[in-house]
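Naming: A, B, ... by sequence-line order, numbering from 1 per chain.
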Amino acid sequence: MEKELIDFLYLICIILFIVGLKRLSHPDSAKKGNMIAGIGMGLAIVITMFYPMENESNNYAWIFGGLIIGGTIGYIAAKKIKMTKMPEMVSLFNGLGGACSMLIAAVEFYNLPEGTPMMSTQVLTIIFALFVGSIAFTGSIVAWGKLDGFLRDSLVLPAPQIINLGMLIVVLGLSAYIMFLPEMNFTLVLVLLGLSMVYGVTFVTPIGGGDMPVVISLLNSFTGIAAAGAGLIYGNQVMIVGGIIVGAAGTILTVLMCNAMNRSLFNVVIGGFSGSGKSSGSGREEVVKEASHGDTAIQLKYSNRVLIVPGYGLAVAQAQHVCHDLEKALENEGVDVKYAIHPVAGRMPGHMNVLLAEADVPYPKLLELEEANEQMPNTDMVLVIGANDVVNPSAKNDPGSPIYGMPILDVELAGTVIVLKRSMRPGYAGIQNPLFFGEKTKMLFGDAKDSLSKLKTEVGNA
Amino acid sequence: MEKELIDFLYLICIILFIVGLKRLSHPDSAKKGNMIAGIGMGLAIVITMFYPMENESNNYAWIFGGLIIGGTIGYIAAKKIKMTKMPEMVSLFNGLGGACSMLIAAVEFYNLPEGTPMMSTQVLTIIFALFVGSIAFTGSIVAWGKLDGFLRDSLVLPAPQIINLGMLIVVLGLSAYIMFLPEMNFTLVLVLLGLSMVYGVTFVTPIGGGDMPVVISLLNSFTGIAAAGAGLIYGNQVMIVGGIIVGAAGTILTVLMCNAMNRSLFNVVIGGFSGSGKSSGSGREEVVKEASHGDTAIQLKYSNRVLIVPGYGLAVAQAQHVCHDLEKALENEGVDVKYAIHPVAGRMPGHMNVLLAEADVPYPKLLELEEANEQMPNTDMVLVIGANDVVNPSAKNDPGSPIYGMPILDVELAGTVIVLKRSMRPGYAGIQNPLFFGEKTKMLFGDAKDSLSKLKTEVGNA
Amino acid sequence: MKVGIINEKLDNRVAIVPDLVKRLIAEGNEVIAEKGCGASALFSDKVYEESGAVLESRADVLSSAELICSIMPLDKDDYKQLPTEAIVISSYQPYNSLVKTKEAADYKLTVFSMDMIPRITLAQAMDVLSSMASIAGYKAVILAANHLPKYFPMLTTAAGSIPPAKVLVMGAGVAGLQAVATAKRLGSVVQAFDTRTAAKEEVESLGAKFVEVEGATDDKAAGGYAVEQTEEYKQKQRQRIFDEAVKSDVIITTAQLRGKPAPILITKEMVEKMRNGSVIVDIASSTGGNCEITEDEKTVVKHGVTIIGNSELAADVPNHASQLFSKNVHNFIKIFLKDGKAEIDMENEILKSSCITSNGEILFGK
Amino acid sequence: MKVGIINEKLDNRVAIVPDLVKRLIAEGNEVIAEKGCGASALFSDKVYEESGAVLESRADVLSSAELICSIMPLDKDDYKQLPTEAIVISSYQPYNSLVKTKEAADYKLTVFSMDMIPRITLAQAMDVLSSMASIAGYKAVILAANHLPKYFPMLTTAAGSIPPAKVLVMGAGVAGLQAVATAKRLGSVVQAFDTRTAAKEEVESLGAKFVEVEGATDDKAAGGYAVEQTEEYKQKQRQRIFDEAVKSDVIITTAQLRGKPAPILITKEMVEKMRNGSVIVDIASSTGGNCEITEDEKTVVKHGVTIIGNSELAADVPNHASQLFSKNVHNFIKIFLKDGKAEIDMENEILKSSCITSNGEILFGK
Amino acid sequence: MDSIMQFIIDNIEMLYILVFAVFLGMEVISKVPTVLHTPLMSGANAISGVVVIGAIILIRNADPGNYIILIIGMLGIALATVNVIGGFAVTDRMLQMFKKKKK
Amino acid sequence: MDSIMQFIIDNIEMLYILVFAVFLGMEVISKVPTVLHTPLMSGANAISGVVVIGAIILIRNADPGNYIILIIGMLGIALATVNVIGGFAVTDRMLQMFKKKKK
Ligand SMILES: NC(=O)c1ccc[n+]([C@@H]2O[C@H](COP(=O)([O-])OP(=O)(O)OC[C@H]3O[C@@H](n4cnc5c(N)ncnc54)[C@H](OP(=O)(O)O)[C@@H]3O)[C@@H](O)[C@H]2O)c1
Ligand SMILES: NC(=O)c1ccc[n+]([C@@H]2O[C@H](COP(=O)([O-])OP(=O)(O)OC[C@H]3O[C@@H](n4cnc5c(N)ncnc54)[C@H](OP(=O)(O)O)[C@@H]3O)[C@@H](O)[C@H]2O)c1
Ligand SMILES: NC(=O)c1ccc[n+]([C@@H]2O[C@H](COP(=O)([O-])OP(=O)(O)OC[C@H]3O[C@@H](n4cnc5c(N)ncnc54)[C@H](O)[C@@H]3O)[C@@H](O)[C@H]2O)c1
Ligand SMILES: NC(=O)c1ccc[n+]([C@@H]2O[C@H](COP(=O)([O-])OP(=O)(O)OC[C@H]3O[C@@H](n4cnc5c(N)ncnc54)[C@H](O)[C@@H]3O)[C@@H](O)[C@H]2O)c1
């Protein structure tokens, strides 16, 4: 086929990528978007088989071999992995993509015709692809390890900032040196490759486990850029444009993720991801997991049964109206929402009744303790809003606790528990609550009214 | 300068256009966005002065003459025009841009070297620019006339759909004919130009005045496409890309505007804009102006004082909570919001008090009739929510009215009045309300709860 | 014009409050008030004096006033002392009984009965039926809450849960709607009944539930007053009310028919089936009551149910009730009192409808 | 175990309601009830019988019961008939007066006073102080609304506007908070006062305003009970209360100090300056009242202000109050009653604190 | 037709640019709040005055003696400039109302 | 440096394309709800496996006897394909939870 025709077909692939990404960014169309992008990729691979070459030895057997092996492994891995392990998987996949760029760059360096001037765009391009691909490769592997747990967070480098800066200078210096040489020195290239891979490791290692999603997104954009670099080597449009688009999208996504965590891009890129105390504990200590408004909202929206446990904090925040609004928004989405009223929630008998009546929550939506506890196992999500003592499992488990013997709402029987409060401070009884460190629990810190209205907005958006 | 360098600089202009448009689509950055786009345009004009030409006769005097004349007229017109007349102005401006494309295309046809084959991309391009530019030109002028009022809406063509289709076939046929001729026939080109202009007129004429904003947006995208067409004639990147971007953006904007009016693009393009009864009255009859949620929200947000007049409809819609939410959202934006409580609003004494107390509206926010009427002249906007009789000026002006003599809330003393109700149906007294046809009044049809929650969302977005 | 205020013998309210005295004087009138007239409505003689009223004995007030304002009709003793040209503004409720009207006619007095003012938009500001009914609706709920041996709102406490009280409001006119609103405020579960079709929307506009009984005769033409319903409808209605009533903790009845006895909505049988301790407040008691065994102006306990028959509940909120009543009176007076002079134009719809007797002739019903 | 229920001589409530009778019997006990014991709380003898209780005369109940439950302390006549090994569960309020306790000690009875149960989390379900105070807070507002010659909520009507009533709640404990909530529900403007620092947040959590007086002595250590304040503070407080009180239409006072007379928060002077027709409900009246001129268990009108002194308002909502009280009693009994047998472990904190006399010895205060 | 196909193949990169420009134009606008519809339309309209570039090129190319073309060209420049300058100025005025008020 | 400048000038249209691609990449994502961050990242990651094209070209160009290159190339293809196939499949699974439930 003519190269121009191929390029025209590649344009279609690119359009499919763009449309796919676009659709991926809306919940309703995301699944389709993913498929569209996949079709684009398939088309690109097929087209490439017909790409006109100087030296068409083709070697289709090798190609199909690679495709089949990779495809099988990828598919099985994706299907077998547990839902909770998906981010790790993405990170690993991403590393493999980076590795491919790296390999291509290395081979192309090796393939460079005798006497190619080193100081050329071509060499620059190859070095770029090599460098970025290597970082994406090893960085992703480290991120994977951290998320999966086989690499410990506590493995800390001394003065990571300085090490990273040093590594960067060395790698860039070596690259320049290679280009200034009169002719190719493949050994040096291999050294460069090695150093780049090490840099990938030192880049990610200092970063706390809680920030890994951001890092993965960043490394993903690196992979995209590396792919674009590899594309430049061949002047291949779909690689260049596809890679750049992923690079740009990944960068923006990284920024968005930082924003969602209330961190700045600067803090992330320069500040070396100095893990925020709260989210990155050191494995053995009790760790509090923080929830995000977005994820909570989507989880709520796609639940079947939700139980709201209001407490004194709901009253303090005067969040009863917003709470009712959220409840109605969820009901609109087909979620069954009820309230579990603990007899001593709040600070006076019937405190919660007063509040919820004010917000016009219909009486049949209120469940009493026993009823609520019966329904707990069939409940997908519990929203604990400014309650504390009334959901404290110590009352059941810890005979030494001052509240031992008080009946509580057994929220841990439900699928997921989200606790809305401002801090880790205790409630009326003045005691710590083990629920907050529970397997199923996530904390959504902030004033209850704020958090609820954000949740409501996100439920509307999602 | 080298053409490539120019193209590189043009890229910068294009980036400025894109960034400008991007910013124009957010309220906070819109002003800057406009400036950025303007800078891009200035840069493009300057660069073009250095564009390499085969035949550089330059004729700078003519160029500067044109720029100065056009610039002066444009600037003065833009500054002098009344705020309310701006849409007309935009339409007129747009027509002039289209006219320029048309002129360029005509001249370039005329300039075609002897013996150019007619069946060529070049000729096709020129004809395209000529055709689209002409439509944009005359269409915009008609739209301007309709908005300004010097062209009457009642000027109706018989069977406009058929006329338009016929015109289109004739124009396309003539274009094809010209291209199939062995050599250029400039007379025919002038005929084509004339017919295209007529088509522009017949295209817009059947459309009701209320739909003009949509039409202007559509014609604007035509102008952009025409500019791109003209750009193709010269292979000029900034014209091509700039024109295409405006064309695409204009088309999307048109669709968005249709959506905001609850009309489909189909209804607009094929259905020949058959004016919806409500918004396009025939000049002399009393016309009800409909407000959009977006515009109302922005007006509210940028008001200093807003008065809410609740009525029975607020109670029927049970919209008291949303109403309070909107009030708080506005207060957050620094707007002073009060409620004007008419003594007989609702269906029982104190009906509004009961509602607003339920929503926890603080008592000091409630004004009585006399107080409210005193404040009316200092009020920027009045939101009449499901009230009718209590704001009916007939009680003051029309001795024959059954409610003559009842004290009313004199909302017409305020800057703007937005009435939220579901239809034009009368209230308790069963009589029509002249307020709804008033100079300052706009209707926001729909259930009060719906409308209010949309307003609240828009206030948040804007 | 000399305006007289007297002490109501059977009522806590007063027809003209001190605030209004000031206004009347500012408008060029004189005001003479019987000593102690405002006491039970918590307006002391001192305040009256400060407002400019001259305090006199009842006899003096009656004999010198040109315009007498009262809440309840005067009696024969009073008439004797009044000059015949005196104008009386009061509530004679001629639809319920013409006795008082006849007495006034005998003395050739001109009487405007505030309750006869037509319920047109223009007259809303004079509508004592509305203003008093509104207070009665509120008070009925407060009374019921006070008598009920239970809580109104729902309450979940360490010592167990208390379900919300069930309140049924019969007749969703002005009083009924206000009762609905007040009962809802207090946290009870409220249902309401009415035969007017518009009532459903009105009840729902207060967030309460409407108990629908199909087949009601519509009454748009009756200008806001209820009309008598068919027998079949009444039967259906009784069954539905029966079912709801026996489940209710509180029933508030307000259904009235102008010039007719109030419809019986709660039978003796229903009362017997109601839970012990339940409360019925019957605002329609003066025209016979909506409950079969209501005793007017009495609170009785029958079959374990407390039945309060009181059509003048507004008198139990005398301070505010007097304020609203005076405002109504003032708005009414303004129609014919210009610069301290009465100019009565009998063509005026409001005056025509509300003048029940003049010159010895009974105009009511004409 | 034979559980006895007696008719309260001075109270409308009953210590054990029929629902609880069923439970007790299911748990292996017998229940004997005095005829008519539940009548005033609207539980008929028939229902008691249906629940499984044996109805007897008072004498029979007293002489055969092993465990007697009552709301108010028994009197000497009763003691005479009781076997000495009998256990009495009631509210003796020994902090206020030891007379009744001494009498019981004289007869060597074992008395558990429900009001002495410590206010720890575990005992919340037995806390009669809370459950009764909560009802009292509600009832206080209903009573006030019933006595006030005004409307509680704001009302804009064709006959003029009525401003909302101003309610001041003093002491924001259980009763006070419930009063705040109820008054807010009714649409009045509510302010509340308390010396506890946590009270501000609690009051605001009900949407009402807290009247701040700076310089209060904190009481975190006192386990929920209020402590006495400094003289300077009291002065400041009195001034602030003065200012607010004279502007209020309704004042509800609930401030109590355990074992001491209630603090005087409303002086005679303040009452004099209050508007005519205002209402004060003093829940602290049994320990002297927060208002200087409160008369316990009486409703008096002084200086134009209605002052209701009643510390047992819960008795005015007898049906629900009895339900809650029984639930409290039941939760308490469950501590020591296993399979119909009493196993009293005096090491148990709750039993230890609430047992005020046993074996002729007064344990209260030990 | 062949020539058009050829044209496309010859200008494949141009085609990329066009397609991307269309996407960009659409994307940039896609989530504008209703309140900005009119100003945005006005701003886009000003940019569509980019056709002025064409008129400038036309004149610069023209024979200095060919007055017809020069006049038409100048007219074109003037018209398009009205569109550009007027357009940006009007947009700016419309956007005045979005100025934040001080609280 | 000059050569780089020259490179840019020679490939001006490529530059347009690149710039537009960057813009498009950014625009397309700019308003994604937080809940979609992870799936979107995963989807973008799958697309970044487009580098597989490079590996294919590499092999197709390679000397059929040069086993080192062929093996490395095949490895590259395999790795990139894991990225592509695995990426799309994982994304798809993540998006399962967005399926609308029937009301
Ligand atoms: N019901 C009664 O009659 C009564 C009477 C007296 C005492 N009590 C006691 O009160 C307790 C009631 O339990 P509970 O679970 O309702 O309350 P809680 O245990 O006191 O916990 C309330 C929680 O709400 C959070 N909170 C406060 N303000 C908030 C805001 N604006 N936004 C979000 N969260 C907020 C606080 O955490 P942050 O500070 O971290 O936000 C606090 O941990 C029990 O211990 C009960 O024994 C009850
Ligand atoms: N306050 C009293 O004591 C009392 C007692 C009896 C009578 N009235 C009379 O009632 C009237 C009160 O005046 P008003 O202005 O409050 O009410 P109104 O004149 O009855 O008008 C209410 C308006 O609300 C609109 N509406 C109804 N449902 C709505 C919904 N869900 N969403 C949005 N709009 C809705 C209706 O128009 P659409 O159908 O087009 O939506 C209607 O025009 C006066 O005429 C008064 O005399 C008052
Ligand atoms: N035009 C005005 O401005 C104006 C002023 C005041 C009242 N109104 C209207 O007049 C109407 C009646 O007011 P009112 O309170 O004085 O009426 P009312 O006291 O005469 O009757 C009270 C209610 O009882 C209802 N009723 C009658 N028979 C019944 C039955 N058998 N079963 C159930 N309900 C029955 C009536 O429909 C009415 O709603 C209301 O709709 C009110 O809004 C209008
Ligand atoms: N631990 C528990 O589970 C539990 C159970 C019940 C009550 N409590 C708490 O105990 C506290 C007191 O409850 P209560 O209602 O029985 O108390 P109470 O009846 O003893 O006193 C009522 C209120 O009056 C206040 N007060 C005392 N002196 C005052 C003064 N001079 N001025 C103003 N206010 C004064 C007190 O601070 C208290 O809030 C409350 O905070 C309540 O939440 C805790």
Contact origin within [X] toward chain F - heavy atom pairs under 4.5 Å:
{"X": "A:I81", "result": "both"}
{"X": "A:K32", "result": "neither"}
{"X": "A:Y10", "result": "side chain"}
{"X": "A:H293", "result": "neither"}
{"X": "A:V90", "result": "both"}
{"X": "A:F64", "result": "neither"}
{"X": "A:A230", "result": "side chain"}
{"X": "A:N94", "result": "both"}
{"X": "A:L92", "result": "neither"}

Under a 3.5 Å distance rule, please check whether [X] uses its side chain to pair with a backbone N or O of [Y] as donor and acceptor.
{"X": "F:R60", "Y": "A:I63", "result": "no"}
{"X": "A:N59", "Y": "F:I59", "result": "yes"}
{"X": "F:R93", "Y": "A:M86", "result": "no"}

So which heavy atom on [X] is nearest to which on [Y], and how close?
{"X": "A:L24", "Y": "F:L36", "answer": "O-CD1, 3.6 Å"}
{"X": "F:V51", "Y": "A:A227", "answer": "CB-CB, 3.9 Å"}
{"X": "F:G25", "Y": "A:A248", "answer": "CA-CB, 4.0 Å"}
{"X": "F:A80", "Y": "A:C100", "answer": "CB-SG, 3.7 Å"}
{"X": "F:V82", "Y": "A:G70", "answer": "CG2-O, 3.3 Å"}

Would you say F:Y67 has more than 12 foreign heavy atoms packed within less than 6.0 Å of its OH?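 It does not: F:Y67 OH has 12 such atoms or fewer within range.
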What residue, out of [options], has the most heavy-atom pairs lying under 4.5 Å from chain A?
{"options": "F:A55, F:S42, F:A62, F:G73", "result": "F:A62"}
{"options": "F:L70, F:T91, F:L24", "result": "F:L70"}
{"options": "F:A46, F:G76, F:S48", "result": "F:S48"}
{"options": "F:T38, F:V90, F:V50, F:N45", "result": "F:N45"}
{"options": "F:P64, F:G49, F:A89", "result": "F:P64"}
{"options": "F:I53, F:L18, F:V28", "result": "F:I53"}

Which of [options] touches chain F most, by non-hydrogen pairs under 4.5 Å:
{"options": "A:G38, A:G242, A:G33", "result": "A:G38"}
{"options": "A:I73, A:T72, A:I68, A:I45", "result": "A:I45"}
{"options": "A:V238, A:I76, A:L96", "result": "A:L96"}
{"options": "A:N236, A:I233, A:I69, A:L219", "result": "A:N236"}
{"options": "A:V246, A:L103, A:V19, A:N220", "result": "A:N220"}
{"options": "A:M35, A:M239, A:R23, A:K22", "result": "A:M239"}

Roughly how far, to the nearest 0.5 Å, is [atom2] of [Y] from [atom1] of [X]?
{"X": "F:I56", "Y": "A:M49", "atom1": "CD1", "atom2": "CE", "result": "4.0 Å"}
{"X": "A:Y51", "Y": "F:I57", "atom1": "OH", "atom2": "CD1", "result": "5.0 Å"}
{"X": "F:T81", "Y": "A:Y75", "atom1": "OG1", "atom2": "OH", "result": "15.5 Å"}
{"X": "A:S101", "Y": "F:N83", "atom1": "OG", "atom2": "CG", "result": "9.0 Å"}
{"X": "A:F137", "Y": "F:L79", "atom1": "CZ", "atom2": "CG", "result": "7.5 Å"}
{"X": "A:I14", "Y": "F:I47", "atom1": "CD1", "atom2": "CD1", "result": "11.5 Å"}

Taking only residues two or more places apart in sequence or in another chain, which ones pass salt bridge (Lys or Arg N to Asp or Glu O under 4.0 Å) with A:D380?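 For A:D380 there are no salt bridge (Lys or Arg N to Asp or Glu O under 4.0 Å) partners, ignoring immediate neighbours.
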Any side-chain heavy atom of A:L67 sitting closer than 4.5 Å to one from F:V52?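 A:L67 vs F:V52: side chains touch.
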Tell me, side chain or backbone of F:A44 under 4.5 Å from chain A's heavy atoms, or both, or neither?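 Backbone plus side chain of F:A44, per the 4.5 Å heavy-atom cut-off to chain A.
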With only heavy atoms counted, which part of F:V22 is less than 4.5 Å from chain A, the side chain, the backbone, both or neither?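 Both backbone and side chain of F:V22 come within 4.5 Å of chain A.
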Start with the C-alpha distance between F:L58 and A:E108, add both sets of side-chain angles, then the distance that settles side-chain contact (heavy atoms from CB on, under 4.5 Å), and finish with yes or no. CA-CA 8 Å; F:L58 179 76; A:E108 286 301 329; 3.0 Å; yes
Check step by step if side-chain contact (heavy atoms from CB on, under 4.5 Å) holds for F:M94 and A:N34. CA-CA 11 Å; F:M94 285 184 194; A:N34 188 45; over 6 Å; no
Tell me, please, which residues at least two apart from A:S217 pass side chain to side chain contact (heavy atoms under 4.5 Å, CB included).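 A:S217: side chain to side chain contact (heavy atoms under 4.5 Å, CB included) contacts with A:L253, A:T254, A:M257, F:M41.
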Please walk me through it: do F:I77 and A:W62 pass side-chain contact (heavy atoms from CB on, under 4.5 Å)? CA-CA 9 Å; F:I77 293 187; A:W62 292 94; over 6 Å; no
Quick one, A:I104 with F:I72, criterion side-chain contact (heavy atoms from CB on, under 4.5 Å). Give me CA distance, side-chain angles, the key distance, then yes/no. CA-CA 8 Å; A:I104 291 175; F:I72 295 184; over 6 Å; no
